[in-house]
Amino acid sequence: MRITILCVGKIKESFYREAIGEYVKRLGKYCRLEIVEVADEKTPDRASAAMEEQIRGREAQRLLSRLEERALVCTLEIRGRRYTSEGFAEVIRRAELDGRSHIVFVIGGSLGLHEKILTRSDLAISFSDMTFPHQLMRVILCEQIYRAYRIIQGEPYHK
């Protein structure tokens with residue numbers, strides 16, 4: 001299985017990069033995980049709603065250009081469906097059983113995802129009602145993908 005985390009912006013903090021690197025290494029025995037970053041747009045202070053929509057639109061174009069047609073696209077959004085770790089593992093297992101060879105998890109920038117991306121999504125996932133920095137969300141997502149593969153393989157994991 002090939003899994004891509006497609007996200008807006010770069011990670012600046014080394015501790016996030018190190019944590020993600022550790023999970024990418026651990027996941028190597030289960031899947032091929034890649035992280036693809038697209039450029040984010042600078043958002044001026046007190047940007048109007050119209051300007052924010054334009055910014056999300058430009059970021060969406062970059063994201064859409066990186067999506068493969070046959071990939072299972074999962075957007076991370078606050079209004080998405082919540083899963084237990086076992087339920088999330090089932091999403092990945094089911095994709096494999098259905099013959100999907102590529103899952104793309106999409107994480108938006110500071111303004112969220114444009115409607116064009118939400119429309120393209122096959123599955124909307126929420127990890128919480130809380131808002132997390134998108135850099136931290138990458139770490140959380142990597143950990144949950146790793147946990148999912150441990151569950152799928154029947155290997156122990158911390159509950």
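If you're wondering where the values come from, they're calculated on a predicted model, not measured in any experiment. Atoms considered below: every heavy atom in the structure, side chains included; atoms not considered: hydrogens, waters and symmetry mates.
- Contact of the Asp122 side chain with the Cys74 side chain is not registered, since no non-hydrogen atoms from C-beta on lie closer than 4.5 Å.
- Contacts of Glu34 classified as side-chain hydrogen bond (donor to acceptor under 3.5 Å, both in side chains), with partners at least two apart in sequence or in another chain: Arg2, Thr4.
- Looking at every heavy atom in both residues, Leu27 comes nearest to Cys142 through CD1-O, 4.0 Å.
- Residues forming a side chain to side chain contact (heavy atoms under 4.5 Å, CB included) with Pro156 (at least two apart in sequence, or on another chain): Arg150.
- Note on Ile55: it does not cluster hydrophobically with Ile107, by side-chain heavy-atom contacts below 4.5 Å among ILVMFWY residues.
- For the side chain to side chain contact (heavy atoms under 4.5 Å, CB included) test, residues two or more places apart in sequence or in another chain that qualify with Ala47 are Thr43, Pro44, Met51, Glu52.
- Criterion: ILVMFWY side-chain heavy atoms under 4.5 Å apart, direct or through other members. Under it, Ile78 and Val91 are not part of a common hydrophobic cluster.
- Side-chain contact, His114 with Glu59: no donor N or O sits under 3.5 Å from an acceptor N or O.
- A salt bridge is defined here as a Lys NZ or Arg NE, NH1 or NH2 lying under 4.0 Å from an Asp or Glu carboxylate O, and Glu53 with Arg56 meets this definition.
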_side-chain contact (heavy atoms from CB on, under 4.5 Å) evaluation trace for Met137 with Ile140_ = CA-CA 5 Å; Met137 196 61 235; Ile140 294 169; 3.7 Å; yes
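- Applying the ring pair (Phe, Tyr, Trp, His ring centres under 6.0 Å) test to Tyr83 and every residue at least two apart in sequence or in another chain returns nothing.
- Considering only residues two or more places apart in sequence or on other chains, Ala124 meets the side chain to side chain contact (heavy atoms under 4.5 Å, CB included) condition with Thr75, Glu77.
- Side chain of Ser65 to main chain of Arg62: a donor-acceptor pair is present (N/O by atom type, distance under 3.5 Å, no hydrogens or angles).
- The distance from the CD1 atom of Ile92 to the CZ atom of Arg147 is 12.5 Å, given to the nearest 0.5 Å.
- Here Arg94 pairs with Asp98 under the side-chain hydrogen bond (donor to acceptor under 3.5 Å, both in side chains) rule; sequence neighbours left out.
- Side-chain heavy-atom separations under 4.5 angstrom define the hydrophobic clusters, and the remaining members of the one that includes Leu113 are Leu6, Val8, Val36, Val38, Leu63, Leu64, Leu67, Val73, Val104, Val106, Ile117, Leu118.
- Applying the side-chain hydrogen bond (donor to acceptor under 3.5 Å, both in side chains) test to residues at least two apart or on different chains, the pairs with a partner in residues 14-26 are Glu22-Lys25, Glu22-Arg26.
- Among residue pairs with one or both ends in residues 123-138, those qualifying as side-chain hydrogen bond (donor to acceptor under 3.5 Å, both in side chains) are Glu37-Arg138, Arg82-Asp129; sequence neighbours excluded.
- Considering all non-hydrogen atoms of both residues, Met1 and Ile103 come closest at SD-CG1, 3.8 Å.
- Residues forming a side-chain hydrogen bond (donor to acceptor under 3.5 Å, both in side chains) with Glu90 (at least two apart in sequence, or on another chain): Arg93.
- Summarising the geometry, atom SG belonging to Cys7 is positioned 12.5 Å from atom CZ belonging to Phe105; distances are rounded to the nearest 0.5 Å.
- For the atom pair Leu136 CG and Phe127 CZ, the distance stands at 11.0 Å (nearest 0.5 Å).
- When every heavy atom of Ala89 is checked against every heavy atom of Ile152, the shortest pair comes out as O-CD1, 3.5 Å.
- The hydrophobic cluster around Leu97 extends to none of the other residues, as no ILVMFWY side-chain heavy atom falls under 4.5 Å of it.
- A 6.0 Å sphere centred on CZ of Arg58 holds more than 12 heavy atoms belonging to other residues, nucleotides or ligands.
- Applying the salt bridge (Lys or Arg N to Asp or Glu O under 4.0 Å) test to Arg100 and every residue at least two apart in sequence or in another chain returns nothing.
- Atoms OG and NZ, on Ser110 and Lys42 in that order, are 9.5 Å from each other to the nearest 0.5 Å.
- Here the options are Phe132, Tyr146, Phe88, the test is side chain to side chain contact (heavy atoms under 4.5 Å, CB included), and the partner is Leu141; only Phe88 passes.
- Cluster annotation: Tyr149 and Ile151 are assigned to distinct hydrophobic clusters (Ile/Leu/Val/Met/Phe/Trp/Tyr, side-chain heavy-atom contacts under 4.5 Å, transitive).
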